[in-house]
Amino acid sequence: MKGNECHILAIESSCDDTGASVFRNDQMLSNIVAGQSVHEAWGGVVPELASRAHHQHIVPVVDKAIKEAGIKKTDLSAIAFTRGPGLLGPLLVGTQFAKALSLSLNIPLIEVNHMQAHVMAHFIEEPKPEPPFLCLTASGGHTQIILVEGPLQTKLLGQTRDDAAGEAFDKSAKLLGLPYPGGPHIDQWGQKGKDCFKFPEPKIPGYDFSFSGLKTAIMYFIRDEQAKNPEFINENKADICASIQEQIVRILLNKVKKAAKDYNIKIIAIAGGVSANSCFRSRLEEYGNKYGWECFKPKNEFCTDNAAMIGITAYYKFLKEEFCDLSICPSARLKL
Ligand code: KG4
Ligand code: ZN
């Protein structure tokens, strides 16, 4: 570390993407991610296969991140890793790797909460939202409305009681015979279709969400229509996808609207894999114009799982010297 300059290596391995990123203070120098196509054949992430793929990817991904950053391993000031929430096997790979590097280089270790990091993705690049703001994080495993009062000050206002928004996308895609993960496929098909099929909006009080009823409604709708016309999916794929994504996005944004009104906050951010959805991004702008919100959407590479969001979170923790020791364990159900 030179003067006030720090270099942080961040590792993300909570699910099926192995990520490594290097930061110089709050400036991102590299951001590498290796996906895992091995799960496609199974229609979902297989935890054991994910752990093994992380083992194969982690050394080359970290190596590339350090090379691309133009630094040497010995320039590093700290190692950050995703502690949870996520799949325990994949988390263990990243955690153990980070611990080993921290021990061998004799530099501090920083644990990062994956859900906090999705929110912190908004602090990677300009323009950054000025706290206090609301962040809706929608990913494959979580759907949360968060009040952000400062870079590491996040307060959970509401979350899903069952399926996550990303799961609603992925499970609907499966019903339509689309590959895993289905969210991006529904997005692409939906762009060519119309919002002409109606699905129910759950009546959940407060800021909590529920997506399991929607999933069941979509399942029965497709079953009934296919009984009348076996070619129903093929003939209507674009319209079905458009209707599904419009309804998921409406459910998400109606809750944001309620929270924005109750908390009198007009700075709204979205995060997590589902925030890459083109319909979600354009509807957010429409709500923003209608209700006078200033809206923030991360670049696509910072929506889905990435190590840069771990790196920026770690930078703020580094400033506060929030380090952990080698006895730290990953936690699959780590809370925000
Ligand atoms: O944040 P993320 O990469 O991983 C988790 O932490 O879960 O989110 C993955 C989720 C998956 O459910 C995936 O289908 C969804 O984000 N997703 C999308 C899009 N891109 C990724 N959903 C809808 N439209 C997209 N373009
Ligand atoms: Zn995630």
Side-chain angles (χ1 to χ4, degrees), residues 10-19 21 31 33-36 39-40 43-45 47 50 54 81-87 90-91 94 112-122 135-144 146 159-160 163-176 178-193 209 211 214-215 241-253 269-284 297-310 313 332-334 336:
I11 294 166
E12 154 62 30
S13 70
S14 64
C15 189
D16 60 342
D17 292 312
T18 318
S21 174
N31 184 32
V33 59
Q36 303 182 351
H39 307 288
E40 275 164 29
V45 177
H54 282 299
F81 66 98
T82 304
R83 183 175 173 214
L87 300 170
L91 287 169
V112 172
N113 181 308
H114 182 86
M115 298 315 292
Q116 188 170 52
H118 269 303
V119 176
M120 291 296 293
H122 285 282
C135 184
L136 175 80
T137 308
S139 69
H142 295 81
T143 308
Q144 301 179 329
I146 297 153
Q159 61 187 329
T160 187
D163 289 355
E167 255 176 300
F169 270 102
D170 296 339
K171 288 179 176 170
S172 305
K174 204 168 185 175
L175 293 171
L176 298 173
L178 294 170
Y180 181 86
H185 295 278
I186 295 215
D187 190 349
Q188 272 156 25
W189 276 97
Q191 286 173 31
K192 297 177 268 185
F209 298 89
F211 286 99
L214 176 67
K215 174 189 66 188
C241 289
S243 307
I244 290 172
Q245 69 180 4
E246 291 282 1
Q247 185 59 359
I248 295 173
V249 167
R250 241 186 322 263
I251 293 170
L252 293 172
L253 285 174
I270 58 173
V274 174
S275 64
N277 182 267
S278 60
C279 168
F280 191 16
R281 295 171 85 88
S282 54
R283 295 292 168 263
L284 174 72
K297 305 167 289 209
K299 259 190 202 162
N300 275 11
E301 68 172 301
F302 303 135
C303 291
T304 46
D305 287 349
N306 65 87
M309 66 185 196
I310 307 300
T313 313
R333 294 178 180 273
L334 191 65
L336 189 67

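All ligand and atom numbering here is 1-based and tracks the order in the structure.
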Response to the item:
Given the options P181, C279, C241, I186 meets side-chain contact (heavy atoms from CB on, under 4.5 Å) only with C241
Worksheet item: So which of L91, I310, V112 actually passes side-chain contact (heavy atoms from CB on, under 4.5 Å) with S14?
Response: L91
Worksheet entry | For the Zn ion (ligand 2), the closest N/O/S atom belonging to D305 | OD1
Worksheet item: Who's closest to atom 1 (O) of ligand 1 heavy-atom-wise, of C15, A168, G273?
Response: G273
Fill in: Residues E167 and K215 bridged, charged N to O under 4.0 Å
no
Response to the item:
Among non-hydrogen protein atoms, atom 22 (N) of ligand 1 lies closest to G183 CA, 3.4 Å
Worksheet item: Knowing that exactly one of R283, Q245, Q191, Q188 qualifies, which makes a side-chain hydrogen bond (donor to acceptor under 3.5 Å, both in side chains) with S278?
Response: Q191
Fill in: For A276, the ligand 1 atoms whose distance to one of its heavy atoms is below 4.0 Å
26 (N)
Practice prompt. Given side chain to side chain contact (heavy atoms under 4.5 Å, CB included), test L252 with F211 step by step and report yes or no.
Written response: CA-CA 10 Å; L252 293 172; F211 286 99; 3.8 Å; yes
Discussion item. Just to confirm my output: which protein heavy-atom neighbour is closest to atom 26 (N) of ligand 1, and how far is it?
Written reply: D187 OD2, 2.9 Å
Fill in: Heteroatom distance test (T304, ligand 1): nitrogen or oxygen, under 3.5 angstrom
no
Discussion item. For a distance under 2.8 Å, tell me if H142 has an N/O/S atom near the Zn ion (ligand 2).
Written reply: no
Worksheet item: Out of G140, A138, G166, whose heavy atom sits nearest atom 7 (O) of ligand 1?
Response: G140
Worksheet item: Does the side chain of E12 come under 3.5 Å of the side chain of T82 through a donor N or O and an acceptor N or O?
Response: yes
Practice prompt. Tell me, please: is H118 in heavy-atom contact with ligand 1, that is, under 4.0 Å?
Written response: yes
Worksheet item: Which one of L334, T313, V119 satisfies the side-chain contact (heavy atoms from CB on, under 4.5 Å) criterion with N113?
Response: L334
Practice prompt. Would you mind finding which of D170, T82, N277, D305 brings a heavy atom closest to atom 2 (P) of ligand 1?
Written response: D305
Worksheet item: Is the Zn ion (ligand 2) less than 2.8 Å from an N/O/S atom of C15, whether that atom is in the backbone or a side chain?
Response: no
Item to complete: Quick one: sort the H118 and H114 rings into parallel, tilted or perpendicular, breaks at 30° and 60°.
Response: perpendicular
Practice prompt. Tell me, with the steps shown, if F280 and D187 meet side chain to side chain contact (heavy atoms under 4.5 Å, CB included).
Written response: CA-CA 9 Å; F280 191 16; D187 190 349; over 6 Å; no
Practice prompt. Would you mind naming the N, O or S atom of H114 nearest to the Zn ion (ligand 2)?
Written response: NE2
Practice prompt. Mark the output for Q245 as yes if a heavy-atom distance to ligand 1 is under 4.0 Å, and as no if none is.
Written response: no
Practice prompt. Check each atom of ligand 1 against the heavy atoms of G141 and keep those under 4.0 Å away; list them by number with element.
Written response: 7 (O)
Practice prompt. Take M120 and M309 through the test side chain to side chain contact (heavy atoms under 4.5 Å, CB included) and record every step on the way to the result.
Written response: CA-CA 6 Å; M120 291 296 293; M309 66 185 196; 5.6 Å; no
Item to complete: Using only N, O or S atoms, tell me which atom of H118 is closest to the Zn ion (ligand 2).
Response: NE2
Worksheet item: What part of H142 sits under 4.0 Å from ligand 1 if we count only heavy atoms: the side chain, the backbone, both or neither?
Response: neither
